[in-house]
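Heads up: the structure comes next, in structure tokens.
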Amino acid sequence: MQDFIMVEDSELWDVIYDEPFVPMKFVGKVTGTVPKIIKEYNDADRKAIEKNFREKMIPVCGIRSDEYNHISACQSAKEIWEALQTAHEGTTQVKQFKIDMLTTKYELFKMKDDESIQDMHTCFTSIINELHSLGEVILRNKQVWKILSVLPGS
């Protein structure tokens with residue numbers, strides 16, 4: 001999803017990551033800054049507020065209806081993003097557990113006797129892609145060596 005947002009507008013990812021923009025005004029040394037009322041917005045404020053709405057709509061429009069329950073109470077795109085990450089990747093502990101399981105699966109990977117090379121490669125690619133989606137990258141040369149090591153002698 002992050003790649004789509006980056007294509008849409010590189011500043012949108014900043015809004016999601018940093019929280020929405022709230023136009024502020026300085027009111028004095030004691031009070032400091034307070035949010036502006038809508039009548040006080042200038043063009044730059046309106047443009048930034050528009051980004052707030054756009055960045056919230058992109059993840060909402062890109063999900064299935066059954067996923068909407070995970071994010072319906074979220075107030076910002078950052079909250080939406082974090083809720084979707086947790087729903088899809090799990091917590092940090094769950095994510096690490098998945099990485100550990102897939103790494104073990106990769107390390108123990110073997111071609112089955114009755115398996116075609118295409119089926120073996122599909123299974124291998126699935127493991128690599130799942131690891132990649134969780135942030136674990138296995139270098140191409142290591143992948144090639146692993147494939148070569150599991151091929152039958154024939």
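Connectivity analysis of hydrophobic side chains (ILVMFWY, heavy atoms under 4.5 Å, direct or indirect) links Phe97 to Met101.
With hydrophobic clusters built from ILVMFWY side chains whose heavy atoms lie under 4.5 angstrom apart, Ile37 does not share a cluster with Val34.
Taking CG from Leu151 and CD1 from Ile117, the interatomic distance works out to 5.5 Å, rounded to the nearest 0.5 Å. Atoms CG and CD1, on Leu134 and Ile99 in that order, are 5.0 Å from each other to the nearest 0.5 Å. One distance of note links OG of Ser149 with CD1 of Ile147; it measures 8.0 Å at 0.5 Å rounding.
Not counting sequence neighbours, Lys146 has no partner by the salt bridge (charged side-chain N to carboxylate O under 4.0 Å, His left out) test. Val137 pairs by the side-chain contact (heavy atoms from CB on, under 4.5 Å) definition with His132, not counting sequence neighbours. Residues that satisfy the side chain to side chain donor-acceptor pair (under 3.5 Å) test with Lys36, not counting sequence neighbours, are Asp45.
Atom CD of Gln93 has 12 or fewer heavy atoms from other residues, nucleotides or ligands within 6.0 Å. Residue-environment remark: CG (Asn141) exceeds the threshold of 12 foreign heavy atoms within 6.0 Å.
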With a cut-off of 3.5 Å and sequence neighbours excluded, list every side-chain donor-acceptor pair involving residues 118-129.
unit_1: Asp119; atom_1: OD2; unit_2: Ser116; atom_2: OG; d: 3.3
unit_1: His121; atom_1: ND1; unit_2: Thr125; atom_2: OG1; d: 3.4
unit_1: Thr122; atom_1: OG1; unit_2: Gln118; atom_2: O; d: 2.9
unit_1: Thr125; atom_1: OG1; unit_2: His121; atom_2: O; d: 2.8
unit_1: Ser126; atom_1: OG; unit_2: Glu130; atom_2: OE2; d: 3.4
unit_1: Asn129; atom_1: ND2; unit_2: Thr125; atom_2: O; d: 3.4

Which donor-acceptor pairs under 3.5 Å do side chains of residues 104-113 form with protein atoms, sequence neighbours excluded?
unit_1: Thr104; atom_1: OG1; unit_2: Asp100; atom_2: O; d: 3.0
unit_1: Tyr106; atom_1: OH; unit_2: Lys142; atom_2: O; d: 3.3

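Nearest approach of Met24 to Thr33, heavy atoms of both residues: CE-OG1, 3.7 Å.
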